[in-house]
Amino acid sequence: MTIYNLYIFDRDGQMLYYGEWTRKKQSGMSREEEAKLMYGMIFSIKSFVTKMSPVDLREGYLTYCTNKYRLHLFETPSRIKFVLNTDVGAQGIKELLHQIYTQVYVEYVSFNPMCPLNKPIESELFAAKLDEVVRQSPAYASRPA
Amino acid sequence: MPHVEISITCYATLSTCEAPGDSGAVHGGSVYPDIEVVRGHVLARNYSLLKENQRKVLKVWCLIWQDFQVCCSGMSLLLTPTTLNPSPQGLRPADPKKVSGELFTLTYGSLVAQLLKDYENVDDVNRQLERMGYNIGMRLIEDFLARANPGRCYDLRDTADKIQQAFKLYLGVSPSIGSWNPGGDEFSVVLETNPLAEFVELPDHCLGLRYSNILAGIIRGACEMVQMEVMAWFIADQLKGDNVTEIRIKFVKRLEDAIPAGED
């Protein structure tokens, strides 16, 4: 199992953080372009799914799967969006994203008065903790690509 | 060390804080004050002692200082045990992140007092407190969502329940919710006791002060982060002779999700 990469967006659609672990292919565009495309897509998918869903969606968690990778979207009630790409078989990602939110984002961004809420996250401590949590998760396998 | 006997005694006192006598007097004369408060005062060295004890303490500090100079010249690091005995169980809060309620109340009091000095005008102080609360609320909401995992609110009654829950979580009090207006977009949070104002009495020239206005700000800030614009203000305050402390909350509007750039 593998974790590829992670995007964090704030409520205004601005990318707060990008993290990469075993991404095997780059998109060939700038990170900003990529972030805009990603946000645009999850925004559309979300509104599409909300309209078309035959059952009530109240969880704030959404995932879709292609035959090569799986995208997971976790959105907090405060509209912070965590988008994580993994391989198709990855398990327990919802819990992992929740853990990233409660143990990394809240602890090292919300509680850090020097860390502005609507600017990209520059805290090194945040990056280090995030990396630690991701690498410890069962979905992360350390075998090199 | 030459004065090792005295320093061990002193260390034992400091590390277990088994000497509540004088420090206890600071905290309303209770014999066993909250251990964390005493520890805080001891570490900050701002406890007050009887005159004779003060002299003793100064003497001990001097002896320790002399010892350090004798033994540690040329040393850049000194490791000491943090406690000699295991600290008393049951007196310490289970969660190491928690601080004593008194410390919190006193800190808030000195904050308000300083604002009064800086601004002089109580209306400005009220505004500043609300603004500070707003900024706290914007961050605190994330912790609330992470810890209580409350899910989303689908109507204002949900929201009122969550606010009630948050008061319990952060202030340890259970307010009651009530006085809904007929339109269902306005309600009151009623506090029987207000931990912020526990030791407070408003002087005559501060009667316009909304002492706990930070709470109104926190509610506004927190709600805004979950797409709800609300107004929150005090309509009754025990500090002004009312029976209860009451915060009125009015729903203004729902804030919509941001649309990505380039889409309509």
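Each chain gets a letter, A, B and so on, in the order the sequences are listed, and its residues count up from 1.
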State, without any angle test, whether B:R220 and B:Y134 hold a side-chain donor-acceptor pair at a distance under 3.5 Å.
-> no

For the atom pair CD1 (A:I8) and CG (A:L130), what is the distance rounded to the nearest 0.5 Å?
-> 6.0 Å

B:W233 and B:R210, any side-chain heavy atoms less than 4.5 Å apart = no

Can you name the one residue among B:I235, B:N181, B:I249 that meets side chain to side chain contact (heavy atoms under 4.5 Å, CB included) with B:S188?
-> B:I235

Got a second to check how far A:E95's CD is from A:Y61's OH, nearest 0.5 Å?
-> 7.5 Å

Under a 4.5 Å heavy-atom criterion, the part of residues 68-83 of chain A in contact with chain B comprises A:E75, A:T76, A:P77, A:S78, A:R79, A:I80, A:K81

B:N135 versus chain A, the contacting section by heavy-atom distance below 4.5 Å | neither

Pair up each side-chain donor or acceptor in residues 157-176 of chain B with any protein partner under 3.5 Å, not counting sequence neighbours, and list the distances.
| from | atom 1 | to | atom 2 | distance (Å) |
| --- | --- | --- | --- | --- |
| B:D158 | OD2 | B:Y154 | N | 2.9 |
| B:T159 | OG1 | B:D155 | O | 3.2 |
| B:K162 | NZ | B:P150 | O | 3.3 |
| B:Q164 | NE2 | B:P175 | O | 2.9 |
| B:Y170 | OH | B:D143 | OD2 | 2.7 |
| B:Y170 | OH | B:F144 | N | 3.2 |

In terms of heavy-atom pairs under 4.5 Å with chain A, which of B:E142, B:M138, B:M225 leads?
-> B:E142

So, A:R31 and A:E34, do they make that salt bridge, N to O below 4.0 Å?
-> yes

Heavy-atom proximity to chain B below 4.5 Å, by part of A:D10 = neither

